[in-house]
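One structure is given here, and the rest of the page talks about it.
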Amino acid sequence: MTAIDEVFAPGGPIEKSLAGFEARPGQLQMAQLIERGFLEGMHTIVEAGTGVGKSLAYLVPALRSGKKIVISTGTIALQEQLYNKDIPLVTRALDIPARVTLLKGRNHYLCKQKLENMRADRLLAPSRTMQQMWEWGTRTQTGDRSELPFLPPGDEWEQLDADADDCGGEYCEHFRECFFFKKRDEAKFADIVIVNHALFFLDLAMGGGLLPPYDFVVLDEAHQCERWATAALTATLSRGTIGRMLRKLHRSYTVPGHFDAEFDRGLRGFESALARVPGDRYPLHANESAWPALETLRDSLYALENWLYANWHDALKRKPQNDAEAERRRDLAMRAILAHQATIERAQAPSDTAIAWVERADADSSYQLNSAPYDVSEYLRGMLFDRTQSVVLTSATIADNRSEEGAFEFLKRSLGISEAQELVAPSPFDYPSQARLYVAPPELNPKTPHFAKLAAPLIEECLDRSHGRAFVLFTSHARLREVYALVRERIAFPVRLQGELPRTHLLEWFRKTPNAVLFATGTFWEGIDVVGEQLSCVIIDRLPFPSPADPLVQARIEALEARGLSGFDHYMIPSAIVRLKQGFGRLVRSKSDRGMVALLDGRAASSRYGSLILQALPPATRITHLDELKEFFSA
């Protein structure tokens with residue numbers, strides 16, 4: 001077999017297959033390390049910033065290994081890039097045939113039985129979008145929701161999706177041609193299976209069954225792994241989850257109407273009780289009035305469980321093929337009821353490893369109860385890292401300092417990784433000449449009440465120097481709205497505020513509008529790719545520490561301090577570094593990009609922790625006066 005350095009060498013297979021390819025030392029080092037990990041059964045951690053070419057760096061050793069590999073990513077855009085562009089390129093370059101599938105969660109696929117039942121029950125579709133889905137359902141070959149030219153309303157798609165709680169499995173007359181099961185069978189025989197983090201960590205949480213057995217794993221965008229692992233282990237009770245449970249019951253059974261009224265009363269009492277404590281997120285134990293409301297809901301769940309147990313056969317709306325199918329329907333319905341009971345029990349039972357908290361949704365101000373382990377490290381060590389021969393973790397932003405030694409301690413501690421090969425891949429970009437970093441003077445402190453008024457003129461000057469072409473990013477919606485109200489009439493460039501348009505439309509507007517300025521929050525900190533001079537300035541309002549009032553953050557800090565470690569040094573600072581690097585990474589996306597990052601938090605220039613955080617950023621040239629940008633932007 002050809003040595004891996006020859007694959008990436010000038011005149012090698014990759015250069016012959018990819019127009020404009022340039023050999024990059026960081027890409028080769030990453031590929032060599034990953035291949036060594038595959039051969040010797042070691043885990044590998046690599047930070048590979050923008051421009052390194054991390055996708056090819058792990059795909060080449062993955063395809064050369066001949067093993068079954070799952071690649072998990074955080075975004076749909078990267079999944080589709082891997083499936084449609086990068087993997088076909090590498091298979092052609094290496095002349096290695098490979099079976100590749102992109103597997104999504106069940107709710108991404110159409111259920112033929114649901115579609116058939118719904119059309120049999122109605123002469124006309126209840127809406128125009130449902131009519132379009134009916135028509136699409138009769139001609140689609142994949143059943144993949146992404147084929148639709150629009151995003152279907154959630155409550156409508158729920159009536160047609162292949163959700164597990166509605167699935168008759170082998171008892172369904174469409175089982176053999178089921179879109180989801182065909183895709184899952186395809187994954188069984190694939191060499192490479194591409195999934196998202198939600199599906200990957202849900203498979204771990206369920207003990208397997210969603211994904212086929214695999215030899216190696218690549219976790220791209222690995223800075224998201226702790227969040228997705230926690231989400232997979234989180235139990236939730238809300239008006240939304242209870243509503244979905246009841247709608248699914250009504251689809252299969254003739255349920256007495258008093259249950260809907262009883263749950264509605266219980267949920268109104270539940271939400272009223274949770275609203276008595278201020279804040280968007282708080283620990284459940286801070287609200288004593290929540291317990292009676294939870295008891296009321298649990299009593300209603302017990303009553304529904306008893307009714308289903310007594311009527312599971314006679315109350316079916318459609319006659320089953322046999323008793324086995326009826327029993328499956330009963331078990332699926334019972335599973336949802338018991339899951340809600342278990343959520344309440346988990347929340348009420350004190351635990352050294354888990355926490356229950358209340359959360360209020362931004363969209364509709366509804367409340368939900370969550371329960372989850374605050375530390376997923378032991379779980380991931382036992383379920384993933386001790387069981388899998390080699391796991392690769394990579395991202396543009398997972399190192400919490402720029403040195404090789406100890407660069408990944410935060411990631412390793414959070415995810416339960418004992419031993420791994422490590423690499424911070426060198427960037428191909430010349431940051432000292434391509435980027436400038438401005439840090440506000442010490443008197444600009446985001447904790448002071450007059451911060452917005454002091455920050456506003458600095459934002460205006462930055463935008464004047466960069467001629468717009470900027471993201472202005474905030475860590476909170478309240479600060480975003482406050483500053484935007486102060487500057488919107490004073491900015492001489494086209495300007496938009498997050499929320500005025502859907503996210504994709506905002507990005508399209510930004511890319512197409514000369515000198516555009518976008519004011520936004522955390523959702524624009526990562527996964528956004530604007531190459532070229534259209535994005536030349538990123539302004540960040542403050543050091544992005546996690547909120548110390550967040551119950552999960554509190555629990556993680558308390559656990560560290562119980563072990564004699566500083567929660568601020570070992571959690572808050574590394575979290576801020578990773579987050580700030582995501583914002584910084586919006587700026588330089590190619591060798592020709594130039595731009596500035598402005599950090600409006602004066603604490604970064606005047607504190608020990610500020611110095612540590614700045615040292616971990618890419619080595620842009622630091623400036624102290626904005627007039628130094630005149631020559632930079634005119635060059």
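These figures come from a predicted structure and were not determined experimentally.
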Tell me whether D386 at atom CG has more than 12 heavy atoms from other residues, nucleotides or ligands lying less than 6.0 Å away.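 Result for CG/D386: enclosed.
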Between K512 and E508, does the salt bridge (charged side-chain N to carboxylate O under 4.0 Å, His left out) criterion hold? Intermediate values first, please. CA-CA 6 Å; K512 291 182 177 180; E508 184 180 1; 3.0 Å; yes
Indicate yes or no for a side-chain donor-acceptor contact from [X] to the backbone of [Y] under 3.5 Å, with no hydrogens or angles considered.
X    : Y    : result
Q389 : G41  : no
R281 : P551 : no
D86  : S55  : no
R556 : S414 : no

Shortest non-hydrogen separation from G567 to L560 and the atoms involved: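 Reported closest heavy-atom pair: CA-CD1, 4.3 Å.
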Applying side-chain hydrogen bond (donor to acceptor under 3.5 Å, both in side chains), which residue pairs with at least one partner in residues 2-22 are found, sequence neighbours left out?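 Applying side-chain hydrogen bond (donor to acceptor under 3.5 Å, both in side chains) to every pair that reaches into residues 2-22, excluding sequence neighbours, yields E22-K591.
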Between [X] and [Y]: side-chain donor-acceptor atoms closer than 3.5 Å:
X    : Y    : value
N445 : T448 : no
Q615 : S611 : yes
K67  : S390 : no

Residues forming a ring-ring contact (aromatic ring centres under 6.0 Å, His included) with H108, sequence neighbours excluded: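 Listed in chain order: nothing, the list is empty.
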So do D220 and Y58 actually touch side chain to side chain, heavy atoms under 4.5 Å?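 Counting from C-beta outward, Y58 and D220 do come under 4.5 Å.
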